[in-house]
Amino acid sequence: MKQKLTRQFYSQPTLEVAHALLGKYLVRQIGQQKLIGQIIETEAYLGHQDKASHAFGKRTARNEIMFGSAGFWYVYLIYGIFSCLNVVTQKKGFPSAVLIRALEPIEGIGVMKRLRRKSDLGDLTSGPGKLCQALKIDRTLNRTKAFGRDCSLWIQGRKEPNDFKIGTSKRIGVGCAGPYWARRQWGCFIRDNQCVSKR
DNA sequence: TATTGGATCGCC
DNA sequence: GCGATCCAATAG
């Protein structure tokens with residue numbers, strides 16, 4: 001249960017992965033230090049027809065990893081400042097990924113506060129750019145593995161059974177994709193949690 | 001080679 | 001509401 005999720009897990013349909021990741025632990029290992037956050041909010045990006053996805057239309061150097069096999073990290077720089085973390089899903093050739101949008105800080109909170117230069121728990125990891133800053137995630141992790149022995153960033157289950165309610169929403173910040181794709185309810189989150197990203 | 005705009009955030 | 005600040009994507 002507290003094992004790293006496997007590549008088989010990430011190979012499932014993207015919407016199932018997006019939901020199943022809620023409540024699980026994202027773990028960043030830096031030397032002996034572990035930074036851990038519980039996943040609170042995710043979004044699915046689904047196939048080359050999804051106009052909101054970086055993999056829409058054509059295959060390029062940046063989105064190439066989304067066309068690969070499941071269980072690899074896709075980390076990109078947004079607005080020249082922040083990183084965003086995704087994990088690739090489904091099968092090779094079908095470009096899809098889940099964006100990790102928010103965490104609840106669990107372990108290594110002091111380090112997260114320093115990296116973020118913020119002290120409010122509700123502001124440490126409550127957004128895709130914030131959580132990357134708090135867990136020291138940047139493009140050096142792009143295209144690396146989320147499974148197996150040699151990773152410094154992975155997701156694992158918890159012992160406790162899930163006791164939360166799940167909500168769904170539109171994906172955030174994808175209005176340019178046009179109404180059809182922007183309206184898909186492909187975001188999901190844990191209800192009544194202080195750390196969901198704001199809108 | 002040049003231009004444009006983005007799956008965000010924090011301050012005004 | 002708006003600017004920051006880099007780089008991928010696209011146009012020329």
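Basis for what follows: all heavy atoms, side chains included, without hydrogens, waters or symmetry-related copies. Residue numbering restarts at 1 for every chain, and letters A, B, ... go by the order of the sequence lines.
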Examine the side chains of [X] and [Y] and answer whether a donor and an acceptor come within less than 3.5 Å of each other.
X: A/Gln12; Y: A/Tyr10; answer: no
X: A/Ser197; Y: A/Ser126; answer: no
X: A/Ser152; Y: A/Arg28; answer: yes

So, OP1 or OP2 of [N]: does either fall under 4.0 Å of a side-chain N or O from [X]?
X: A/Arg116; N: B/dG10; answer: yes
X: A/Thr60; N: C/dA9; answer: yes
X: A/Arg139; N: C/dC6; answer: no
X: A/Lys130; N: B/dG10; answer: yes
X: A/Arg62; N: C/dA9; answer: yes

Stacking between A/Phe82 and the base of B/dT8 (centre distance under 5.5 Å, interplanar angle under 30°)?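 Not stacked by the 5.5 Å and 30° rule.
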May I ask whether A/Tyr45 stacks on the base of B/dA7, given the cut-offs of 5.5 Å between ring centres and 30° between planes?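 A/Tyr45 ring centre within cut-off of B/dA7 base, planes near parallel; stacks.
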So [X], base contact, sugar-phosphate only, or nothing? Heavy-atom distance under 4.0 Å.
X: A/Arg117; answer: nothing
X: A/Gly80; answer: base
X: A/Arg171; answer: nothing

Of the nucleotides [options], which has the atom closest to the [X] side chain?
X: A/Tyr79; options: B/dA7, B/dC11, B/dT8; result: B/dT8
X: A/Leu77; options: B/dG10, B/dA7, C/dC7; result: C/dC7
X: A/His54; options: B/dC11, B/dA7, C/dC6; result: B/dA7

How many whole angstroms separate atom [atom1] of [X] from atom [atom2] of [N]?
X: A/Asp138; N: B/dT8; atom1: CG; atom2: C1'; result: 16 Å
X: A/Asn63; N: B/dG6; atom1: CG; atom2: C1'; result: 15 Å
X: A/Lys118; N: B/dT8; atom1: NZ; atom2: C1'; result: 13 Å
X: A/Phe56; N: B/dG6; atom1: CZ; atom2: P; result: 14 Å
X: A/Leu99; N: B/dA7; atom1: CG; atom2: C1'; result: 6 Å
X: A/Lys51; N: B/dG6; atom1: NZ; atom2: P; result: 12 Å
X: A/Arg143; N: C/dA8; atom1: CZ; atom2: P; result: 11 Å
X: A/Leu124; N: B/dG10; atom1: CG; atom2: P; result: 10 Å

Would you write the dot-bracket representation of DNA chain C, where each base gets (, ), [, ], | or . depending on whether it forms a Watson-Crick or G-U pair under 3.5 Å and with which partner? ||||.||||||.
Spell out yes or no: do the side chain of A/Tyr76 and the base of C/dA8 have one donor N/O and one acceptor N/O closer than 3.5 Å?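 In this structure, the two groups form no donor-acceptor pair.
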Given the C1' atoms of C/dC2 and B/dG5, what is the spacing between them in whole Å?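 That atom pair is separated by 15 Å.
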Taking the six-membered ring for Trp and the full ring for Phe, Tyr or His, determine whether the centres of A/His54 and A/Tyr76 are under 6.0 Å apart.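 Ring centres of A/Tyr76 and A/His54 closer than 6.0 Å.
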Is the ring centre of A/Phe72 less than 6.0 Å from the ring centre of A/Phe147?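 Yes.
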Side-chain heavy atoms of A/Leu115 within contact of A/Lys130, under 4.5 Å: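 Side-chain contact under 4.5 Å: no.
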Answer yes or no: does atom CD of A/Gln185 have more than 12 heavy-atom neighbours from other residues, nucleotides or ligands under 6.0 Å?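 Check passes, neighbour count above 12.
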A/Arg171 vs A/Asp50, test: salt bridge (charged side-chain N to carboxylate O under 4.0 Å, His left out). Steps then yes/no. CA-CA 12 Å; A/Arg171 295 174 293 180; A/Asp50 179 358; 2.6 Å; yes
